[in-house]
Asker: 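Okay, here's the structure, questions in a sec.
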Amino acid sequence: MRIKTKLIHGGRNATYFGDETTGAVNVPVFLSSTFKQDGPGKHRGFEYSRTANPTRAALEALIADLEEGHRGFAFASGMAAMTTVMMLFEKGDHIIVGDDVYGGTYRLMTRVLSGFGLEVTFVDVSTGQVQHGLEGEQPLTEGAPSDDMREMDPLATLAAALQPNTRAVMIETPTNPLLRIVDIAAVASFCRQHGLLLIVDNTFMTPYWQRPLELGADIVIHSATKYLSGHSDIVAGLVVVRDEALAERLHFLQNATGGILAPHDAYLLIRGIRTLSLRMEAHEHNAATIAHFLTEREDIRRVYYPGLATHPGHAVMRKQSRGFGGIVSFEVESGEQAGQIARAMKLFTLAESLGAVESLISIPARMTHASIPEERRKTLGITDGLIRLSVGIEDVDDLLSDLAQALETTRTRSSTIER
Ligand SMILES: Cc1ncc(COP(=O)(O)O)c(C=O)c1O
């Protein structure tokens, strides 16, 4: 089956798929916390919904199919998914994490899991740009990279961050909000060589465009709240693992810690996934059009979109992903201007989150990435004037008009353009 067909028909090898009795074409919502046993300890695949629920099982089989993985797991949020994956590790283990990850991931690693003895080093493993080091950053562990590392290529940076207790590398690509690109296959081969797990947050691309497990990753994580659901109506997380050993451990942890997705949300997520191909194509068309429009303007300092040929990660992106996605970030002169633009928008709603049918605008420094200390934000390049657009699937001409009128209201001075 090709991916567009799989979005509709995937997951059919689930323990439960379809309704044998009525022939319903949709997976029913099984609102049952417990299931009748035929004898003590003799159940029909379901005993208690934290352990397994038929609606959730259908979703988990679907996402495993889409990511070409061994088994999928559904959680109550992307962060619940991430937290459960991190429970694979133990006190004293060390994880290397990309330095431009979602602010909530940074918060989880530095303010929650560090308290349980997990060591973390953040490094820039993106390709084609070495200007973002960790200048001004307090080293989080002894292995935190020095300023010299900024001159290194991503694999040398990883090698320098390696410690005897390193167990895994975790990356996002494209990163959020600067859309930097990590070469998944190159990092995967580094991980294999050093016996590390590679965990990839595939939220921005979805399996429709990019499948990290095929490129050598071991675990894929999604905030399914975003494109997979696509309608801003649920919060959900998904994990897919490469093999049975990881599947067994993940299922043990899912059941033991309990951050599962509820059946009704699992149903809505299956419904969202069915139209993923149509939505992703439309998001990308609109995002590319807007990115080109922004590069033409004198009052925009920088445009970040991996589909632009001038983007430093463009070649790697073409190699590992079938598309470039629907997120465009750009930089104006100041936080004040960014605020004015956001307030003047009529179709782009000022809101956190991304990946749904409606267009959203956010100012990462004050919203999604506010939990990252200011100094660190500056070092990463998340300036106060950085704006992130989650481009929806409206008519692109209406989106362009809205953007143009909002930019006009700020009457920006023309400034040096760096693209
Ligand atoms: C890339 C990425 N990963 C993970 C998360 C966390 O997911 P959730 O909000 O579903 O907990 C987000 C949320 O914005 C995200 O953008």
Side-chain angles (χ1 to χ4, degrees), residues 59 63 67 72-86 95 97-113 122 125-126 170-182 184 199-210 212 217 219-240 254 257 259-262 265-266 268-269 272-273 280 283 287 304 306 321 325-329 349-356 360-372 380 382 386 388-391:
L59 167 66
I63 191 64
E67 288 285 7
F73 301 91
F75 295 89
S77 68
M79 291 321 299
M82 186 92 62
T83 303
T84 310
V85 167
M86 286 300 142
I95 320 280
V97 181
D99 69 352
D100 186 25
V101 288
Y102 168 60
T105 303
Y106 178 82
R107 179 176 53 200
L108 174 73
M109 303 305 293
T110 57
R111 293 177 56 192
V112 181
L113 297 175
F122 293 92
V125 283
S126 64
M170 183 164 75
I171 54 169
E172 271 177 37
T173 181
T175 65
N176 178 13
L178 293 172
L179 302 160
R180 282 149 51 179
I181 306 303
V182 181
I184 300 173
I199 303 161
V200 179
D201 183 329
N202 201 27
T203 299
F204 272 36
M205 282 297 105
T206 81
Y208 184 66
W209 294 132
Q210 174 176 283
I219 301 177
V220 167
I221 299 182
H222 284 281
S223 168
T225 313
K226 311 293 171 2
Y227 289 108
L228 288 172
S229 123
H231 295 77
S232 300
D233 51 6
I234 58 163
V235 173
L238 294 171
V239 174
V240 181
Q254 184 190 38
T257 59
I260 49 153
L261 190 66
D265 287 351
L268 284 174
L269 189 45
I273 288 173
M280 291 313 277
H283 283 297
Y304 301 90
S321 175
I327 306 294
V328 179
S329 294
T349 304
L350 180 65
E352 300 208 355
S353 202
L354 57 100
L360 301 180
I361 182 168
S362 73
I363 299 174
R366 281 192 264 164
M367 299 166 70
T368 46
H369 289 63
S371 56
I372 295 180
L380 294 173
I382 304 172
L386 186 75
R388 187 188 75 188
L389 301 178
S390 170
V391 182

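Computed from a predicted structure; not experimentally measured. This chain uses plain numbering: 1 for the first residue, then up along the sequence. First listed ligand is number 1; within each ligand, the first listed atom is number 1. Only this structure's heavy atoms are used, side chains among them; waters, hydrogens and symmetry mates stay out.
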Asker: Can you tell me if A236 contacts ligand 1 (heavy atom of the residue under 4.0 Å from the ligand)?
Answerer: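 In this structure, A236 qualifies as a contact of ligand 1 - some heavy atom is under 4.0 Å.
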
Asker: Among all the protein's non-hydrogen atoms, which is closest to atom 4 (C) of ligand 1, and how far away is it?
Answerer: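 For this ligand atom, the closest protein heavy atom is D201 OD2, 3.5 Å.
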
Asker: Considering the heavy atoms of N176, write down every atom of ligand 1 situated less than 4.0 Å from one of them.
Answerer: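 Once the distances to N176 are compared, the set is 16 (O).
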
Asker: Output yes when the distance from some N or O of ligand 1 to some N or O of M79 is under 3.5 Å, and no in every other case.
Answerer: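 N/O-N/O distance under 3.5 Å: yes.
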
Asker: Just which atoms of ligand 1 are under 4.0 Å from any heavy atom in G78?
Answerer: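 Numbered from 1, ligand 1 contributes 7 (O), 8 (P), 10 (O), 11 (O).
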
Asker: Is I363 close to R388 at the side-chain level, that is, under 4.5 Å between some pair of heavy atoms?
Answerer: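 No; the side chains remain at least 4.5 Å from each other.
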
Asker: Which heavy atom of I63 sits nearest to which heavy atom of G72, and what is that distance?
Answerer: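 For I63 versus G72, the nearest heavy atoms are CG2-CA, 4.1 Å.
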
Asker: For atom 10 (O) of ligand 1, what's the nearest protein heavy-atom neighbour? Residue, atom name and distance, please.
Answerer: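 Answer for atom 10 (O) of ligand 1: T225 OG1, 2.6 Å.
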
Asker: Could you tell me whether the side chain of M170 reaches within less than 4.5 Å of the side chain of I219, counting heavy atoms only?
Answerer: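 Contact flag for I219/M170 side chains = no.
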
Asker: Using a 4.0 Å cutoff against the non-hydrogen atoms of S77, which atoms of ligand 1 qualify?
Answerer: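 Selected atoms, number and element: 10 (O), 11 (O).
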
Asker: How far is atom 15 (C) of ligand 1 from its nearest protein heavy atom, and which residue and atom is that?
Answerer: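 Closest protein heavy atom to atom 15 (C) of ligand 1: Y102 CG, 3.7 Å.
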
Asker: Yes or no: does K226 have any heavy atom under 4.0 Å from an atom of ligand 1?
Answerer: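 Within the 4.0 Å threshold, so yes.
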
Asker: Is there a side-chain contact between R107 and V112 (heavy atoms, below 4.5 Å)?
Answerer: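 A side-chain contact is absent here, since even the closest heavy-atom pair is not under 4.5 Å.
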
Asker: Within the 4.0 Å heavy-atom shell around E172, which atoms of ligand 1 are there?
Answerer: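 Heavy-atom distances to E172 below 4.0 Å select 1 (C).
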
Asker: Can you give me the closest heavy-atom contact between N202 and H222, atom names plus distance?
Answerer: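 Between these two residues, the closest heavy atoms are O-CE1, 3.2 Å.
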
Asker: Evaluate the side-chain proximity of F73 to L238: yes if any heavy-atom separation is below 4.5 Å, no if none is.
Answerer: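 A side-chain contact under 4.5 Å is absent here.
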
Asker: For residues T173 and F204, determine if any side-chain heavy atom of one lies less than 4.5 Å from a side-chain heavy atom of the other.
Answerer: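 A side-chain contact under 4.5 Å is absent here.
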
Asker: Determine whether D100 and N176 make a side-chain contact, defined as any pair of heavy atoms from C-beta on separated by less than 4.5 Å.
Answerer: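 With C-beta onward as the side chain, the pair stays apart.
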
Asker: With atoms numbered from 1 as shown, which atoms in ligand 1 lie under 4.0 angstrom from a non-hydrogen atom of T203?
Answerer: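 Those atoms are 1 (C), 2 (C), 3 (N).
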
